[in-house]
2 protein chains.
Amino acid sequence: MKSTIREERKKEIISGFYDLSRLEGMENVSIAKIGKHLGMPPSLIMHYFPNKRLLVLGLIAHILHQYQLIYKPIINKFEKDHKVYPDLLVNRLFSREWNLLFDDGVFFSCYAMTFRDETIKKEYKKLHLKLRNTLKSILDNDPVFSRGDTALLAEKIFVVIEGAYYYLSLIEDEKEYNRKLKIFKEQVFQLLQTESQLILQDND
Amino acid sequence: MKSTIREERKKEIISGFYDLSRLEGMENVSIAKIGKHLGMPPSLIMHYFPNKRLLVLGLIAHILHQYQLIYKPIINKFEKDHKVYPDLLVNRLFSREWNLLFDDGVFFSCYAMTFRDETIKKEYKKLHLKLRNTLKSILDNDPVFSRGDTALLAEKIFVVIEGAYYYLSLIEDEKEYNRKLKIFKEQVFQLLQTESQLILQDND
DNA sequence: TCGTTTATTGAATATTCATTCAATATTAAA
DNA sequence: TTTAATATTGAATGAATATTCAATAAACGA
């Protein structure tokens, strides 16, 4: 219970930064704007984040944390069952809950920073590694998939998920969106299906 | 031969904008900086691009044009042959020539703008549609693939390519990069293989 | 060659930016 | 209660921002 004020204020500031980024785009958010939005002087923000880069790093940590939360329910579900039902897994992986607690625009703005900031790049990489490992451990819990190369399978699945996440962001028409979504779900389903067939026929 | 000066200057400005974006990141490039870089007053830039948004739109058109060029050799190759060799196609699709004539950081910076600018979003969507159609027409030229759903197959292939393009940008270690690249190539190869097998066995 | 359009310049604008600083208020420790 | 640390304020900084404008130079069509 050291400096609870400090931590709460920092959270509040990051949260305000996120709100505004969502509304106006990250590159258009200034310290002054955050201050006005939260009803505090810019100097107070600078007190907790001595320069803007630190503020941005804080936002990114927040974003990446949120992003991870999307997969929480999947983990809970499948780590109890010790059995992977492909269609269920696919539906969870592509569930669009992420749209509610997460802003794609901010995510990609931060991602773009990856190319000129090593620290940010490392953070993003860490996230992606963690997500793959999570899926791997889910697959490892299944009696069938665990006999195959689960790391490889997780890699193949996530490249489709991320490609889909990227591409679908461009599509606004709901019907078209759902049509494409179905394709990519099927594609991942196919990966799981093929893998389990290969494993089972190896057994004979 | 109307106003050749005008068009040349505009190109020059966009090109300077691109150079600086590559170096310092798009959001850090100002009109003044472009001017200094090209040895011209900011007011001249404003003469050709009356506001910054138009300048950004110009850059994006340039970027998307460049992006398309990556696939030019693939098109040429396969539109002559009237036959798709899966391993050859895969190698071309994943060839990293793009790294030479194209900057990923700028591409994703522009992509991030997609979320708050309808015009930009439409441009990006148009590009992605065009790329898929190109691949579709390549597949349509092949006696085997043309009997299947080429649009669907193109969609599935590109979601892997784009997921890979996104994900591999995070990886700097060459060995790791190549290991992952191999996985994604194999994944696309698999898609082509499976499709042709399905078509051929339907024949019997 | 004259007149008009276009290209180019350089100076000036108000606004916004991140950041600094000294002063005050609040909290926590002694 | 005194002291020290932290939180908060508001004013001020200079640098950078996009954009405007009036003036000059160059190119071009008649």
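Here the structure is a predicted model, which is why all the values come from computation and not from measurement. All chains are named by letter (A, B, ...) in the order of the sequence lines, taking the proteins before the strands, and each is independently numbered beginning at 1.
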Atom CD1 of B:I45 and atom P of C:dT6 are separated, to the nearest Å, by 21 Å

Which of the following nucleotides, C:dT9, D:dT8, C:dT8, is nearest to the side chain of A:I5? D:dT8

May I ask you to evaluate whether B:S30 reaches the phosphate of D:dT17, defined as a side-chain N or O under 4.0 Å from OP1 or OP2? yes

Take A:P50 and A:K33, find for each the nucleotide of DNA chain C with the closest heavy atom, and name the residue whose nucleotide sits nearer the 5' end. A:K33

From the list D:dA7, C:dC21, C:dA7, which nucleotide is the closest neighbour of the side chain of B:H47? C:dA7

Phosphate contact (D:dT6 OP1 or OP2) by A:Y48 side-chain N/O below 4.0 Å: no

Rounding to an integer number of Å, can you tell me how far B:L44 CG sits from C:dA11 C1'? 15 Å

Between C1' of C:dT16 and CD of A:E27, the distance in whole Å: 15 Å

Looking at A:Y167, does the NZ or CZ of B:R132 lie under 6.0 angstrom from its six-membered ring centre and within 45 degrees of the ring axis? yes

With a 4.0 Å cut-off on N to O distance, would you call A:E176 and B:K125 a salt bridge? yes

Just how far, in rounded Å, is P of C:dT20 from CD1 of A:I31? 10 Å

Side chain to side chain contact (heavy atoms under 4.5 Å, CB included), that's the test. Do A:L88 and A:F78 meet it? Break it down for me. CA-CA 10 Å; A:L88 218 88; A:F78 285 94; 4.0 Å; yes

Report the distance from atom NZ of B:K10 to atom P of C:dT8, rounded to the nearest whole Å. 13 Å

Drop me the distance from A:H62's NE2 to A:K11's NZ, to the nearest 0.5 angstrom. 10.5 Å

Length of the CG-P vector between A:L38 and D:dA7, whole Å: 17 Å

Euclidean distance, atom CZ of residue A:F17 to atom P of C:dC17 [Å, nearest integer]: 12 Å

Under 4.0 Å between a side-chain N/O of A:R9 and OP1 or OP2 of D:dT8, yes or no? yes

